[in-house]
Engineer: 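After the C-alpha cells below, expect a handful of questions from me.
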Amino acid sequence: MLSADEIKALPLLAAPVTVRVMFTKTGSLRYISHLDLQRTLTRCLIRSRLPVWYTKGFNPHTKLVFSLPLSVGCESVYEFVDIKIERQISLADIKACLAPQFTDEMLILDVYYPTSKFAEIAYAEYECRIASSAASAEVARDICEYLSTSPVTVMKRSKSGEKEIDIVPLIHSVTCEAEEGELVLKMVLSASSDANLNPEYPIKAVCERFSLLRDESNDYYGIMRKKIYRGDMSAFN
Amino acid sequence: MKIATDDRYSSILKSVSKPGRYSGGEYGQIIKDKDSVKASFAFCFPDTYEIGMSNLGVRILYGVLNNDKDIRCERVYCPWTDMQEKMREHSIPLFAHESGDPVSEFDIVGFSLQYEMCYTNVLSMLSLSRIPLRSADRDESHPIIIGGGPCAYNAEPMADFFDVFNIGEGEEMLLEFTKMYIEEKEKPGYSKRKFLHKAAREIEGIYVPSFYEVSYNEDGTVEKYSPIYDDIPVKIKKRIVKDLDKVYFPENPVMPYIETVHDRIMLEVARGCIRGCRFCQAGMIYRPVREKSPEVLCKNAKCIYESSGYDEISLTSLSISDYSKIDELTDKLLEFTNPNMISLSLPSLRVDSFTKELMEKVASVRSSSLTFAPEAGTQRLRDVINKNVTEEDLMRAVGVAFEGGKSNVKLYFMMGLPTERDEDIVGIAELATHVIDRYYQMPKEMRKKAPSCTISVACLVPKPFTPFQWEAQDTLEELRRKQELLYNSIKDRRVKYNHHDAYVSRLEAVFARGDRRLSSAIALAHEKGFCFDAWDEYFNYEGWCEVFEQCGLDMSFYANRQYGIDEVLPWDIIDIGVTKEFFVRERNNAYSEKTTPSCREHCSGCGANKLGGENGCCPLMK
C-alpha cells in the first residue's frame, strides 16, 4: 500500500482520469440518505490519501458523481460512484487505499475505468422480501398478475406536488415466489432520469391490495437493489 | 441485534425523522467480543445523536475506556420524541449503538451532564431502558448509574437519580472506577454499596450522593451535608489530569454518517482560563490552567485527520488567543493544513488579543465567522464583570476583521448583570453602532459588501463556583423590560439583534443553584412527558411552573433570591480548588467596579494551584 508521501510524488496526469467504484450499501447504511452518502464518501477519499482532483476556485472540493439515488430504507449491492484522479496510480493501488476506509456494510466490489455513462441506465432490479402471514403460492401468482395489469394507480410525490399515475408501464418485469411465510418479489423497474419508479410504490400497492401487513409485529418487508441494466437489458457497469 | 439492520423495524425507522441517528455501524466504531471483556459501559449522552457525536468529552472517554482490553464501552443517545413514542408503543428498550444491546444489560451506565435543561432527557433514557429512576429503587440486578460533566459540579437536583458522580476530568478517574468495579465484582460478598463505598474512599473525585445526608434550615436553606461514613471525604475534591500532554488521547474518532453539529476535528488546546470573568463557571471549574504543547497538538491533529477525513480543524479552549504558544501552534498546523486543503478555525477569540496575523492564518484557506464577546455595553459594567476589554480593543479587533475582508461581526452580550443600569443596556446598542461606523472608516475600495453586526444577548444565569454565585437573577419582568429597551435603542437596521429566551434562563438558574429537593420536580416533569427542554419546540414554561407548584417548590427561591455569603451552598460539598474566599473577594471587587488582572499578569490566589498540574501558569507549577 502506498504511503502518503509516495502518493504525493506520483506523476501528475495531463488531464484527470475518471475511475468508477462499485460498492454496496447494506445493513446499518440503509437509512443513510444520499447526501449523507456523498459526505461519507468524500471523507473516505480524504482518508485514503488518493490524489483526487479538486475543483479550482475559492472553495475547492471533490466532484463525486453517483449513478442512481437510492431511497432511504433500501439496501443495495450495486452502487456506483465516479471519482476523478489527478495522478498516475494503478487501479490495484486505488483499491488498496480506498478499501480500508469502508466498512463491511459499505464494501468495495470493484474499481475500474468506466466505459459507460450513467445516462445509459434504464432499469433497476429490486428484490423485496415480504414476511407475511398471508404469504402463499396463490397470492404470489396473483401479485404477478396484479402488477402486470394496468392500471395500478398510486399517488406519486414529486417536487411539484402529488400526481396520480399508473405504475404498470414502469414495471418491466415481475416474479414472485412464496417461501416459508415469506413472499420474494423480484421486480425490474424503470430507472432512467425521466422515468424512475421507486420500489416502495409497487410494494405498498401490493401490500395494500393483498392485505399483507395485517399483523404489525410479525409482518414486515425489506428491499434490496440487486442490479442495474441498460435499455437493451444488458447489465450496466 | 440492532434494530437498524433488522427488517422487522424498517417501517418504524422509515416513519421517524432522521433514521440515520439510530443506525450505528459507523466507521471507527469499536466493537468488542462480549466474552473477552470483563465490564461493559454504556456511555449515554442525554441529547440527540447529532449533538452527542459532536461532544469532545464523550469521544475522549469512549476512547479511554475502550483502550482497556477488559472494558467494552458503547454509545447511547437520546432518541427523538417520535422515535421514543414508537419505542414505547412497540416495547423496544433503549439500546447501545454498537451492539444494539439494551442499556439495562450493561454493567455501568454513565451520563454526561452537559447542561441543566437535559435533566428530563436523562430520566427519559432511564425509563426507556426500564431502569428505575431513583437510585434507592434499584437493586443488584440494575446497572450502576454514574454521572459526570459540567453539571456534576452541582448535581444535587439529580442526586436522587444517580448512584455516583465523578467530579472533574474523567480520563483517569473513570478508568480507575471501572477497573475497581471489575476487581470487586469477582470477590465474594460483592454488593454495589460496598463497591461504591470503596470507590468513594479510594478514588479521588468520586461522589456517592446517598452517602451524604442533607438537612435544611427553617428558611429553606441548607443546614449541612453529613457523610454517613467517617472514612469518606467531607468535601469531594475534583479530579484533574495533571499533564495534558501525557494523557491518553483517542486518535480514531467514530465518524458519523449523518450531519452533526460540529463536523470537524476538535483540538483541545488547553483547559481552564486565565481571565477570571466573574460570571463564567467554565473558566473556574476547569482551573488550574493547563496547556498542551504544540508538538503534541500537531501530532494529535495529523492522526485525527488521517483517521477521520474531516476537512476542518477547530482549536478549542475557553480562550484560544490566550494559549501561550498560539503563533507557534498555528504556524505548525498550517504547514500541513494548507497543502491538504484543511481549514483552520479559531472560535472564541478574545477581543484584546485578536491580531491581523491570527486572522490571516485562519482565513488562509476557507473563511470562518468572527465572533467577539464584549458581554457588557459600558466600560463600567465590563469592569464589574472583569471582562477586561475596552471599546478601543473592540474597535481595533473589528477593524482587523473588516480590513481582512469580513463584513459581518457577531457580538455576544449578557443582561441581568449585577449593578446593571439602563444606560448599560443602551450601551450595547451604541457599541454595535460604533462597530458599523468603524466599517465605514475603511477606504471605499475596501468596502465590498454592506456590513452587518449581529448582537446576541443572553440572560445572566448565576452559576455555582463563580463570584456571582450568590446573585439574584433578574425577574422575568425585568429581563423582558430590558430586552425591549435594547430593541428600542437599536436604530441602525444593519444591526441584527437576537436574545436568549428569558424563560429558559430562569429554569437554568433554578437548576444550576438547586438542591436535592428539586428531584421531585424533575421526576414529575418526566412523568408528564417533558423531554428535550433545551429545544424551543418542546420547552414549556407554563408546564414547568405547574410542576413546581404541584411539588410545593418555589422557583424564585432558587433563581431570584440573593443567597447569603455565609449560607451553606448545596455545592459546598465539592472542592474545585478555587476557594470560596476567592469568590467572596471577587464579588466585592465587582461591586467596587475593580478589575482583577489575568493569571499571567498577576496571581490572585484563587487556590486552584493546590491541585497541581503541568504546563500552566500557576505559581509552583512546572
Side-chain angles (χ1 to χ4, degrees), chain A residues 3-4 8 25-50 52 54-55 57-62 71-75 100-106 128-131 182 200 203-204 207 213 215-224, chain B residues 2-29 31 50 86 89-92 97-98 100 252-260 263-265 302 304-312 336 339-343 363 365-367:
Chain A
S3 73
K8 286 209 180 106
K25 185 177 183 270
T26 61
S28 318
L29 275 108
R30 76 188 82 177
Y31 301 107
I32 306 307
S33 74
H34 189 71
L35 205 56
D36 295 328
L37 185 66
Q38 229 172 316
R39 189 186 355 260
T40 301
L41 281 168
T42 306
R43 291 189 189 146
C44 288
L45 284 174
I46 293 176
R47 289 198 300 267
S48 70
R49 309 263 153 279
L50 283 175
V52 175
Y54 274 79
T55 60
F58 184 68
N59 188 14
H61 54 274
T62 56
S71 46
V72 168
C74 187
E75 295 181 272
Q101 313 311 333
F102 285 54
T103 66
D104 13 322
E105 289 168 324
M106 194 168 77
C128 174
R129 305 190 150 258
I130 308 174
E182 198 178 68
E200 293 277 355
I203 292 167
K204 285 215 174 76
C207 288
L213 303 177
D215 184 352
E216 261 204 353
S217 357
N218 292 317
D219 297 341
Y220 53 89
Y221 67 88
I223 317 175
M224 167 98 72
Chain B
K2 282 171 40 163
I3 67 164
T5 49
D6 190 340
D7 282 334
R8 238 175 288 254
Y9 302 100
S10 64
S11 54
I12 292 176
L13 285 168
K14 281 191 280 200
S15 71
V16 296
S17 67
K18 300 196 192 156
R21 285 164 164 160
Y22 315 107
S23 299
E26 303 100 321
Y27 176 86
Q29 68 169 350
I31 299 217
E50 299 95 285
K86 296 279 176 177
E89 207 183 299
H90 296 267
S91 300
I92 303 170
H97 263 62
E98 282 76 359
N252 294 297
V254 179
M255 291 306 294
Y257 286 122
I258 68 172
E259 200 175 348
T260 66
D263 279 328
R264 55 189 80 103
I265 298 169
K302 287 200 183 102
I304 307 184
Y305 171 66
E306 276 162 23
S307 63
S308 69
Y310 280 132
D311 58 5
E312 187 180 336
F336 103 90
N340 289 303
M341 269 166 298
I342 308 168
S343 64
V365 183
R366 287 183 270 266
S367 63

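Here is how names work: the chains are called A, B, and so on, in the same order as the sequence lines, proteins then strands, and each is numbered from 1. Keep in mind that the numbers below use all heavy atoms, side chains included, and drop hydrogens, waters and symmetry copies. This structure is a prediction, so every number in the text was calculated from the model and none was measured.
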Engineer: Report the distance from atom OH of B:Tyr27 to atom OG1 of A:Thr103, rounding to the nearest 0.5 Å.
Structural biologist: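 Atom-to-atom, B:Tyr27:OH and A:Thr103:OG1 are 10.0 Å apart.
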Engineer: Taking all non-hydrogen atoms of both residues, which atom of B:Tyr257 and which atom of A:Asp36 are closest, and how far apart?
Structural biologist: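 In terms of heavy atoms, the two residues are closest at O-CB, 3.4 Å.
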Engineer: Tell me, for B:Ser11 versus chain A, whether the close heavy atoms (under 4.5 Å) come from the side chain, the backbone, both or neither.
Structural biologist: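 Neither the backbone nor the side chain of B:Ser11 comes within 4.5 Å of chain A.
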Engineer: Quick check on A:Phe102 against chain B: is it the side chain, the backbone, both or neither that has a heavy atom closer than 4.5 Å?
Structural biologist: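 Only the backbone of A:Phe102 comes within 4.5 Å of chain B.
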Engineer: To the nearest 0.5 Å, how far apart are CD in A:Glu75 and OG1 in B:Thr5?
Structural biologist: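 The CD atom of A:Glu75 sits 8.5 Å away from the OG1 atom of B:Thr5.
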Engineer: For chain A, which candidate among B:Pro256, B:Ser23, B:Gly24 shows the most heavy-atom pairs at distances under 4.5 Å?
Structural biologist: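 Ranked by contacts with chain A, first place is B:Ser23.
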Engineer: If I take atom CD from residue B:Glu98 and atom OG from residue A:Ser28, how far apart are they, to the nearest 0.5 angstrom?
Structural biologist: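 Between B:Glu98 CD and A:Ser28 OG, I get 10.5 Å after rounding to 0.5 Å.
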Engineer: Which residue out of A:Arg39, A:Arg129, A:Glu105, A:Met106 racks up the most heavy-atom pairs below 4.5 Å with chain B?
Structural biologist: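 Of A:Arg39, A:Arg129, A:Glu105, A:Met106, A:Arg39 has the most heavy-atom pairs under 4.5 Å with chain B.
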Engineer: Taking A:Ala4, A:Ala131, A:Gly27, A:Ser33 one by one, which has the highest count of heavy-atom pairs under 4.5 Å against chain B?
Structural biologist: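 Looking at each option in turn, the highest pair count goes to A:Gly27.
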Engineer: Out of curiosity, A:Ile46 CD1 to B:Glu306 CD, how far, rounded to the nearest 0.5 Å?
Structural biologist: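 Between A:Ile46 CD1 and B:Glu306 CD, I get 12.5 Å after rounding to 0.5 Å.
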Engineer: With a 4.0 Å cut-off on N to O distance, would you call B:Asp7 and A:Arg30 a salt bridge?
Structural biologist: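 Judged by the 4.0 Å cut-off on N to carboxylate O distance, B:Asp7 and A:Arg30 do form a salt bridge.
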Engineer: Side chain, backbone, both or neither: which part of A:Glu200 has an atom under 4.5 Å from a heavy atom of chain B?
Structural biologist: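 Looking at A:Glu200, just its side chain touches chain B.
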Engineer: Looking at OH of A:Tyr31 and CD1 of B:Ile3, how far apart are the two atoms once the value is rounded to the nearest 0.5 Å?
Structural biologist: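 If I round to the nearest 0.5 Å, the distance is 8.0 Å.
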Engineer: Need one label for A:Leu29: side chain, backbone, both or neither, based on atoms under 4.5 Å from any heavy atom in chain B.
Structural biologist: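 For A:Leu29, the contact with chain B is made by the side chain alone.
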Engineer: Sort B:Tyr22 into side chain, backbone, both or neither according to what part of it lies under 4.5 angstrom from a heavy atom of chain A.
Structural biologist: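 Neither part.
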Engineer: To the nearest 0.5 angstrom, please state how far the CZ atom of A:Arg47 sits from the CE atom of B:Met255.
Structural biologist: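 Output value for this atom pair is 6.0 Å.
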